[in-house]
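Notes to accompany the following structure.
Protein chains get the first letters and strands the later ones, always in sequence-line order, with residue 1 at the start of each.
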2 protein chains.
Amino acid sequence: MAKPTYYNLEKDKQDRLVDACMEEFSRYTFSDASINRIIKRAEISRGSFYQYFEDKEDCYLEMLGIIAQEKYRIFKDVVQTEAQNVFEAYLNMLRQVKLWMEAQPRYYKIGVLMELDKSSFIQKLIKQNPGMMEYFLSLIRKDQQNGIIRPDVDPQLLSDMLIGINQKLLMEHFVNKDYDRMIEASEAVLDLLQKGTRVR
Amino acid sequence: MAKPTYYNLEKDKQDRLVDACMEEFSRYTFSDASINRIIKRAEISRGSFYQYFEDKEDCYLEMLGIIAQEKYRIFKDVVQTEAQNVFEAYLNMLRQVKLWMEAQPRYYKIGVLMELDKSSFIQKLIKQNPGMMEYFLSLIRKDQQNGIIRPDVDPQLLSDMLIGINQKLLMEHFVNKDYDRMIEASEAVLDLLQKGTRVR
DNA sequence: ATTGAATATGACAGGGGTGTCATAATGGCA
DNA sequence: TGCCATTATGACACCCCTGTCATATTCAAT
């Protein structure tokens, strides 16, 4: 947790500091991020930084907290539509990610960079987050029982495929900032997955 | 190119040096790799390292050269079986990667770490390598003409899917060292892609 | 106005990194 | 043996980093 001094900061200064931190963490992984660059950008002294935060980890956690708040602010109204099947669930999820990318691209990038950091601090943080794999797995099994998906399909495999393609689509369209095309591509992917490539 | 002194080294010493470099570059990305650790492991002095190589980049390129040689040595005899379709081509490729992972896991890992390094030096190197996307694309189009793949399937999309799943399978099974299971999983993936998930 | 707490500051210590260079050691050859 | 080119060495300069701390400044309350 950040130190009391951080919370006592006048709004303007705190905003400058937060902006500098977010900028740094969205450009560099936690490991590569530099407090020197942060304090330069925020125009505060090195000593001040350590009046606000215990250390770099403390600072990072504070930023993650802000991001979580913003995520909640944006998505609290989004009605969690009941998914008919795993493919619909996938599309729902992707549409939410699209909203998030558009609303807070910098925050989204912080998330991406988190995945690339191999430091134990970040790896521990990632592990705490429950993956979507379990969610997909359960949906796939349900769809198999409901006769929507062939029973001989390996749920684990299909889940892996969905998540793998997901990552690729997200990354590709995020760099191009072409979020609408991303949804279209996903729909095509799902169509292909359901029907298969074979001519019949 | 490495300096003449490097090539004049007695075999034993050169081997120790190469081993130390390969070990370092397979543990850390180029950016994170440390010459200090290399010379410590190779038991040579700092000055010597710079008698052999211009700098870290020079050293890295030398290692990539050795890796390329070894790749050629292993694969020159492998008959490039003529692929019937893109799915067969994919499996052929994966089987070759499996051989490579088993024969030289350290070299394979160097390749993986290359993808994770964002430094301009490494990014330039990566760009020079032709991707397999174009190869898959042409095969898919041919398969569509031959009536093996539905004409309304977007080749780009299918290619993206193949490559995306590929990466996931490779990574997952590489950490588990379960290369046979990897091939099985790929076959299941291809089967699923061809038939689709739908019950009919 | 005075005083004491809260806050701000940058010099500093300590660690790691790369690349250089004067000097020392080595090895082959006359 | 003596000489010279080649090779080996680690101290050094310089860079960037984090976290600390004595000191200075600010601010509010008496």
Side-chain angles (χ1 to χ4, degrees), chain A residues 1-21 23-63 113 116-122, chain B residues 1-21 23-63 113 116-122:
Chain A
M1 261 258 292
K3 294 183 178 178
T5 324
Y6 166 79
Y7 296 107
N8 292 341
L9 276 176
E10 46 188 319
K11 191 175 179 316
D12 179 58
K13 198 169 188 178
Q14 202 189 58
D15 284 351
R16 237 170 44 228
L17 175 57
V18 168
D19 182 75
C21 292
E23 187 63 26
E24 181 69 10
F25 291 133
S26 67
R27 279 187 196 281
Y28 304 91
T29 62
F30 172 77
S31 300
D32 288 343
S34 149
I35 293 173
N36 282 338
R37 279 191 298 254
I38 290 176
I39 63 178
K40 206 171 170 184
R41 180 178 283 266
E43 290 174 290
I44 62 172
S45 72
R46 182 156 202 77
S48 285
F49 182 91
Y50 286 93
Q51 298 268 36
Y52 308 144
F53 304 115
E54 291 292 340
D55 49 26
K56 199 162 74 161
E57 295 189 1
D58 189 28
C59 171
Y60 194 74
L61 290 176
E62 184 64 30
M63 296 308 124
L113 288 180
L116 297 180
D117 194 312
K118 298 304 170 207
S119 71
S120 65
F121 169 65
I122 295 295
Chain B
M1 260 259 293
K3 293 183 178 179
T5 324
Y6 166 78
Y7 296 106
N8 293 341
L9 277 175
E10 47 187 320
K11 192 174 178 317
D12 179 57
K13 199 168 186 179
Q14 202 188 56
D15 284 351
R16 234 170 47 227
L17 175 56
V18 168
D19 182 76
C21 293
E23 186 64 23
E24 182 69 10
F25 290 134
S26 69
R27 280 187 195 281
Y28 303 91
T29 62
F30 172 77
S31 300
D32 288 343
S34 150
I35 293 172
N36 282 338
R37 278 190 299 254
I38 290 176
I39 62 179
K40 204 169 170 184
R41 179 178 282 266
E43 290 175 290
I44 62 173
S45 71
R46 182 156 201 78
S48 286
F49 181 91
Y50 285 93
Q51 298 267 35
Y52 307 143
F53 305 114
E54 291 293 340
D55 49 25
K56 199 164 74 163
E57 295 189 0
D58 190 27
C59 170
Y60 194 74
L61 290 176
E62 183 65 28
M63 296 307 124
L113 288 181
L116 297 181
D117 194 312
K118 298 304 168 207
S119 71
S120 65
F121 169 65
I122 294 295

Take atom [atom1] of [X] and atom [atom2] of [N], then tell me their distance rounded to the nearest Å.
| X | N | atom1 | atom2 | value |
| --- | --- | --- | --- | --- |
| B:Phe30 | C:dT18 | CZ | C1' | 11 Å |
| B:Leu17 | D:dA8 | CG | P | 11 Å |
| B:Ile38 | C:dG19 | CD1 | P | 11 Å |
| A:Glu43 | C:dT7 | CD | P | 21 Å |
| A:Ile35 | D:dT20 | CD1 | C1' | 12 Å |
| A:Leu9 | C:dA6 | CG | C1' | 12 Å |
| A:Glu10 | D:dC27 | CD | P | 9 Å |
| B:Phe49 | D:dA11 | CZ | P | 19 Å |

> If you look at every strand shown and take non-hydrogen atoms under 4.0 Å, does A:Thr5 touch a base, only sugar-phosphate, or nothing?
Replying inline: sugar-phosphate
>> Just to be sure I understand the rule, does B:Tyr52 reach a base, reach only the sugar-phosphate, or reach nothing, if contact means heavy atoms closer than 4.0 Å?
In response: sugar-phosphate
Check whether any side-chain nitrogen or oxygen of [X] sits under 4.0 Å from OP1 or OP2 of [N], and answer yes or no.
| X | N | answer |
| --- | --- | --- |
| A:Tyr50 | C:dA8 | no |
| A:Asn8 | C:dA6 | no |
| A:Ser45 | C:dG10 | no |
| A:Asn36 | D:dC17 | yes |
| A:Lys13 | C:dA8 | yes |

>> Quick check: on DNA chain D, is the nucleotide nearest A:Ser34 upstream (toward 5') of the one nearest A:Gly47, or the reverse? Name the residue that is more 5'.
In response: A:Ser34
Nearest-nucleotide pick for [X], side chain only, options being [options]:
| X | options | answer |
| --- | --- | --- |
| A:Lys56 | D:dA8, D:dT18, C:dA8 | D:dT18 |
| B:Arg46 | D:dC17, C:dG19, D:dG19 | C:dG19 |
| A:Gln51 | D:dA8, D:dC17, C:dT7 | C:dT7 |

>> Determine whether a donor-acceptor pair (N or O, by modelled atom type, separation under 3.5 Å) exists between the side chain of A:Asp117 and the backbone of A:Ser31.
In response: yes
> Within the side chain of B:Gln51, is there an N or O that forms a donor-acceptor pair under 3.5 Å with the backbone of B:Thr5?
Replying inline: no
>> Do B:Glu62 and B:Tyr7 pair up side chain to side chain, a donor and an acceptor below 3.5 Å, judged on atom types alone?
In response: yes
> B:Ser34 and B:Asn36: side-chain donor and acceptor closer than 3.5 Å?
Replying inline: no
>> Below 30° counts as parallel, above 60° as perpendicular, anything between as tilted: where do the rings of B:Phe30 and B:Phe121 land?
In response: tilted
